[in-house]
Visitor: 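Here's a structure for you.
For clarity, every value in this text was computed on a predicted model and none was experimentally measured.
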Amino acid sequence: MRAVRVAEFGPPEVMRVEYVPHPERGEGEVLVDVAAAGVQFVETLVRAGKSAHVPRPYTPGRDVAGVVSAVGPGADPALLGRRVAGQTERTGGYAERAVVHSRALHVLPDSLSLHDAVCLLGQGLTAVGLLELAAVREGRTVLVEAAAGGVGTLLVQLAKVAGAKVVGAARGDHKLEIVRKLGADVAVDYGVPGWGDLVRQAAGPEGIDVVLDSVGGDVGREAVETLAPGGRFIVYGIASGRGTEVPGGLVYGRGLTVMGYGRATPGVDPARFRAQQSRALEEAAIGRIAPVIGQCFPLEEAPLAHAALAGRETVGTVLLIP
């Protein structure tokens, strides 16, 4: 089968398509013929050697959707031929086939396409988990940074489902229009000087209750200033390459709560992750949210997909189509 392989860390061009053996199925695992694989920003960092140093050579990617073509020992034979989505733990997703453990598998309803489903695995559970952590509900005002990105587009929609007022921050007219169409009450360009003042005007006298920070750097620093007394600042990424510097005086002066969200967040375990993925998939299946697919690339163009993500040229989710 064909798969993207990384033999050394470096620029996008280190990714090459090679022919490799079909992955062996272990206990409880199934083989999925991949129809679509999700491409995440963190995968560009790993490939560049700027994040977790995985053993090389390796196949990038975790999120896949497709059809089960074979089942391993201990896996339910009834899964054969079913449309599924899940996260591969050991074989990588940028490939024609991937092995997924049945505990990480979601059987999909007919109302949900394979392309949409793959968008809701890593990014969906992140969006659901963030809103749970932030206790977003009716009456709250939420600022979503990078609101036209893969997670951001889902956050805007899910926050509206929860009844919150949403201010979406993005860069450029095209992305701002997407954010508005997703239901944001206000869309603000954080490339414009003084954009924080526009956020405060949009929030009204009560101010921003929750900031969801995935950019960091100057954007995060401006965003934290928009918080009302008692507000929450939740960090889940540093797309700018620099974390947000939050002054201690601002934290205790306004009684702010500063939190981080990730796989090591206390109280978040595999069962919780699965439940959060299920929630995202269910919301899409019934039509309350819709993933935004920005671009689709064939396996051979994985370097272009990574370059587009790293250059912040994309909207929504980027997919590889084997």
Side-chain angles (χ1 to χ4, degrees), residues 1-23 30-48 51-52 54 56-69 83-100 104-106 108 112-126 148-151 153-154 239 277 280-281 284 290-322:
M1 70 173 192
R2 293 157 56 247
V4 174
R5 301 291 282 169
V6 176
E8 57 183 303
F9 298 126
E13 291 72 27
V14 301
M15 295 188 294
R16 297 181 177 89
V17 173
E18 300 177 5
Y19 281 91
V20 300
H22 291 186
V30 304
L31 184 67
V32 177
D33 290 347
V34 178
V39 183
Q40 310 283 356
F41 182 78
V42 68
E43 292 159 8
T44 71
L45 301 179
V46 174
R47 183 220 70 237
S51 186
V54 301
R56 294 158 290 170
Y58 75 98
T59 295
R62 294 192 68 204
D63 301 349
V64 297
V67 176
V68 176
S69 58
R83 299 167 65 256
V84 297
Q87 293 184 306
T88 177
E89 298 173 355
R90 62 180 182 85
T91 64
Y94 297 7
E96 291 181 316
R97 295 176 183 85
V99 163
V100 181
L105 211 61
H106 299 269
L108 302 176
L112 192 58
S113 74
L114 292 172
H115 287 193
D116 282 352
V118 79
C119 302
L120 298 165
L121 296 170
Q123 295 175 340
L125 76 84
T126 297
V151 176
T153 52
L154 296 175
Q277 287 176 332
L281 290 165
V292 174
I293 299 174
Q295 290 176 276
C296 296
F297 296 87
L299 285 183
E300 288 79 7
E301 294 183 4
L304 294 180
H306 272 216
L309 267 178
R312 301 173 75 176
E313 302 167 3
T314 63
V315 298
T317 304
V318 174
L319 301 182
L320 289 183
I321 311 297

Visitor: With a 4.5 Å limit on heavy-atom distance, are the side chains of Val46 and Tyr58 in contact?
Guide: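 When only atoms from C-beta onward are counted, Tyr58 and Val46 do touch, with a gap below 4.5 Å.
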
Visitor: For a quick test of reading the model, state the closest non-hydrogen atom pair linking Ala284 to Leu112 and the distance between them.
Guide: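 Closest pair (atom of Ala284, atom of Leu112, distance): CB-CD1, 3.8 Å.
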
Visitor: If every non-hydrogen atom of Ala65 is compared with every non-hydrogen atom of Val32, which pair is closest and at what distance?
Guide: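 Looking at all heavy atoms of both residues, the closest pair is C-CG1, 4.4 Å.
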
Visitor: Just by modelled atom types, is the Pro322 backbone N or O under 3.5 Å from a matching donor or acceptor in the Glu96 side chain?
Guide: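 A pair under 3.5 Å: no.
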
Visitor: For side-chain contact (heavy atoms from CB on, under 4.5 Å), just list the numbers for Tyr94 and Val39, CA-CA rounded to whole Å, side-chain angles, deciding distance to a tenth of an Å, and then say yes or no.
Guide: CA-CA 8 Å; Tyr94 297 7; Val39 183; 3.3 Å; yes

Visitor: Do Cys119 and Leu319 have side chains that get closer than 4.5 Å, going by heavy atoms?
Guide: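 Contact flag for Cys119/Leu319 side chains = yes.
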
Visitor: What's the shortest heavy-atom distance between Met1 and Ala95, and which atoms?
Guide: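 Heavy atoms only, the tightest pair is CE-CB, 4.0 Å.
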
Visitor: Working to the nearest 0.5 Å, report the span between CG of Leu120 and CG of Leu154.
Guide: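 These two atoms lie 6.0 Å from each other.
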
Visitor: I would like to know whether Val34 and Leu320 meet side-chain contact (heavy atoms from CB on, under 4.5 Å); could you show each step before the answer?
Guide: CA-CA 10 Å; Val34 178; Leu320 289 183; over 6 Å; no

Visitor: Would you mind telling me which of Glu18, Arg16, Met15 makes a side-chain contact (heavy atoms from CB on, under 4.5 Å) with Arg5?
Guide: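 Exactly one pass, corresponding to Glu18.
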
Visitor: Under the criterion side-chain contact (heavy atoms from CB on, under 4.5 Å), I'd like the reasoning laid out for Val100 against Val84: C-alpha separation, chi angles, the key distance, then a yes or no.
Guide: CA-CA 10 Å; Val100 181; Val84 297; over 6 Å; no

Visitor: Could you give the distance from CD (Glu301) to NE2 (His306), rounded to the nearest 0.5 Å?
Guide: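 Going from the CD atom of Glu301 to the NE2 atom of His306 covers 13.0 Å.
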
Visitor: Look up atom OG1 in Thr59 and atom CZ in Arg90, then write down how far apart they are to the nearest 0.5 Å.
Guide: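 Answer for the OG1-CZ pair, Thr59 versus Arg90, is 12.0 Å.
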
Visitor: Taking Arg2 for its side chain and Glu300 for its backbone only, find out whether a donor-acceptor pair lies under 3.5 Å.
Guide: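 Pair absent, no side-chain N/O of Arg2 close to backbone of Glu300.
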
Visitor: Out of curiosity, Gln295 CD to Leu309 CG, how far, rounded to the nearest 0.5 Å?
Guide: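 Those atoms lie 8.5 Å apart.
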
Visitor: Does Thr88 use its side chain to pair, donor to acceptor, with the backbone of Gly93 at less than 3.5 Å?
Guide: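 Not confirmed, Thr88 side chain does not pair with Gly93 backbone.
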
Visitor: Less than 4.5 Å apart, side chain to side chain, heavy atoms only: is that true for Thr153 and Val315?
Guide: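 Contact flag for Thr153/Val315 side chains = no.
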
Visitor: Between Asp33 and Arg97, what is the shortest heavy-atom contact and its length?
Guide: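 Nearest pair, atom of Asp33 first, then Arg97: OD1-NE, 3.1 Å.
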
Visitor: How long is the straight-line distance from CD of Gln87 back to CG of Leu125, given to the nearest 0.5 Å?
Guide: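 Reported to 0.5 Å precision, the distance equals 6.0 Å.
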
Visitor: Which heavy atom of Pro23 sits nearest a heavy atom of Thr91, and at what distance?
Guide: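 Result for this residue pair: CB-CG2, 3.7 Å.
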
Visitor: List the atom of Ala117, the atom of Ala85, and the distance in Å for their closest heavy-atom pair.
Guide: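 Heavy-atom minimum between the residues: CB-CB, 4.1 Å.
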
Visitor: Which distance, rounded to the nearest 0.5 Å, do you find between the CG of Leu121 and the CG of Leu281?
Guide: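 That separation rounds to 6.0 Å.
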
Visitor: Which pairs count as salt bridge (Lys or Arg N to Asp or Glu O under 4.0 Å) when at least one residue sits in residues 307-322, sequence neighbours excluded?
Guide: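 Qualifying pairs, neighbours excluded: none.
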
Visitor: Got a sec, which residues hit side chain to side chain contact (heavy atoms under 4.5 Å, CB included) with Gln40, two or more places apart in sequence or on another chain?
Guide: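 Only Val42, Glu43, Asp63, Gln123 meet the side chain to side chain contact (heavy atoms under 4.5 Å, CB included) criterion with Gln40.
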
Visitor: Ignoring hydrogens and geometry, is there a side-chain-to-backbone donor-acceptor pair from Thr317 to Ile293 under 3.5 Å?
Guide: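 Here the side-chain-to-backbone pair does not exist.
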
